[in-house]
Amino acid sequence: VVFPMGWTVIYALITVAGITAWRTAPTSAAAEWVVGLFALNGFLNISWSLIFFRLQRPDWAFIEVTVLWLSILAIIIYCGRFSKTAALLLVPYLGWVTFAGALNWVVVQLNAPFG
């Protein structure tokens, strides 16, 4: 029950953060970077689920969730230069993915080796 509700809130915050950052971007080039960073992040977000659940490779998923986490941090840093609001809206997402990454790591530790 917690995960669907959590993701609903997180996705809403991501959406508001993306729109806010896009609207407050100081140039059209900066706005394009916002769109690109959020698109990459969305791809990484979806990829983690496919790797972890569909491929059943928590070891690969842990590597991927690390890249996902770094992409969230990159968005926070980039957007924070011109929209503190957008950056702050993404902090719960970073926390949520940190927690997911920790769970992913425990799964790897308890179930290795894979392949």
Side-chain angles (χ1 to χ4, degrees):
V1 173
V2 173
F3 283 97
M5 290 179 355
W7 274 117
T8 299
V9 171
I10 295 296
Y11 284 134
L13 293 173
I14 293 167
T15 301
V16 173
I19 292 168
T20 301
W22 179 70
R23 285 185 174 173
T24 59
T27 65
S28 61
E32 289 176 15
W33 271 99
V34 168
V35 171
L37 288 170
F38 274 87
L40 173 63
N41 179 265
F43 172 78
L44 291 169
N45 190 310
I46 292 167
S47 296
W48 180 85
S49 294
L50 294 174
I51 295 167
F52 190 91
F53 294 112
R54 179 74 50 107
L55 297 179
Q56 297 182 355
R57 290 302 304 250
D59 53 341
W60 295 349
F62 182 74
I63 295 165
E64 200 279 349
V65 79
T66 303
V67 177
L68 172 61
W69 191 92
L70 290 170
S71 79
I72 300 165
L73 183 61
I75 294 171
I76 290 171
I77 292 168
Y78 184 77
C79 294
R81 297 184 329 187
F82 51 85
S83 176
K84 300 294 183 222
T85 301
L88 288 173
L89 288 169
L90 293 170
V91 171
Y93 181 30
L94 187 66
W96 189 263
V97 171
T98 300
F99 179 67
L103 290 177
N104 190 155
W105 178 248
V106 170
V107 169
V108 169
Q109 293 299 303
L110 293 176
N111 296 289
F114 299 94

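All values derive from a computational prediction rather than experimental measurement.
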Neighbour count above 12 (heavy atom, 6.0 Å) for F99 CZ:
no

Flag yes if V108 and V67 sit in one hydrophobic cluster, no otherwise; membership is Ile, Leu, Val, Met, Phe, Trp, Tyr, and two members link when side-chain heavy atoms are under 4.5 Å apart.
yes

Relative to each other, are the rings of W48 and F52 parallel, tilted or perpendicular (30° and 60° limits)?
parallel

So, taking the atom named CD1 in I72 and the one named CG in L37, what distance separates them when rounded to the nearest 0.5 Å?
12.0 Å

Which atom of E64 lies closest to which atom of L44, heavy atoms considered:
OE2-O, 2.6 Å

Checking L68 against Y93 for the side chain to side chain contact (heavy atoms under 4.5 Å, CB included) test, could you report, in this order, the C-alpha distance in whole Å, the side-chain angles of both residues, the deciding distance, and whether it holds?
CA-CA 11 Å; L68 172 61; Y93 181 30; 3.6 Å; yes

When hydrophobic residues are tied together by side-chain contacts of less than 4.5 Å, even through go-betweens, does L103 share a cluster with F53?
yes

Rounded to the nearest 0.5 Å, how far apart are CG of L89 and OG1 of T20?
6.0 Å

Rounded distance [0.5 Å steps], CD1 in I75 versus CG in L90
6.5 Å

Using only atom types and a distance under 3.5 Å, with no angle test, would you say the side chain of S83 pairs donor to acceptor with the backbone of C79?
no

Is it possible for you to say whether L110 and I63 belong to one hydrophobic cluster, with membership spreading through side-chain heavy-atom contacts below 4.5 Å?
no

Which distance, rounded to the nearest 0.5 Å, do you find between the CG of N111 and the CD of Q56?
11.0 Å

Listing, residues 2-15 side-chain donor-acceptor contacts under 3.5 Å, not counting sequence neighbours, or none:
{"from": "T8", "atom 1": "OG1", "to": "P4", "atom 2": "O", "distance (Å)": "2.8"}
{"from": "Y11", "atom 1": "OH", "to": "N45", "atom 2": "OD1", "distance (Å)": "3.2"}
{"from": "T15", "atom 1": "OG1", "to": "Y11", "atom 2": "O", "distance (Å)": "2.8"}

Return the minimal non-hydrogen interatomic distance between P58 and F114, and the atom names on each side.
CD-CE2, 3.5 Å

Rounded distance [0.5 Å steps], OG in S71 versus CD1 in I76
9.5 Å

Looking only at heavy atoms, what is the nearest atom pair of I51 and A61, with distance?
CG2-N, 3.4 Å

Tell me whether W60 at atom CH2 has more than 12 heavy atoms from other residues, nucleotides or ligands lying less than 6.0 Å away.
no

Should W33 and L73 be regarded as members of a common hydrophobic cluster, given that ILVMFWY residues are connected when their side-chain heavy atoms come within less than 4.5 Å of each other, either directly or indirectly?
yes

Cluster link L50 to F43, ILVMFWY, side chain under 4.5 Å:
no

Can you give me the closest heavy-atom contact between F38 and G18, atom names plus distance?
CZ-CA, 3.5 Å

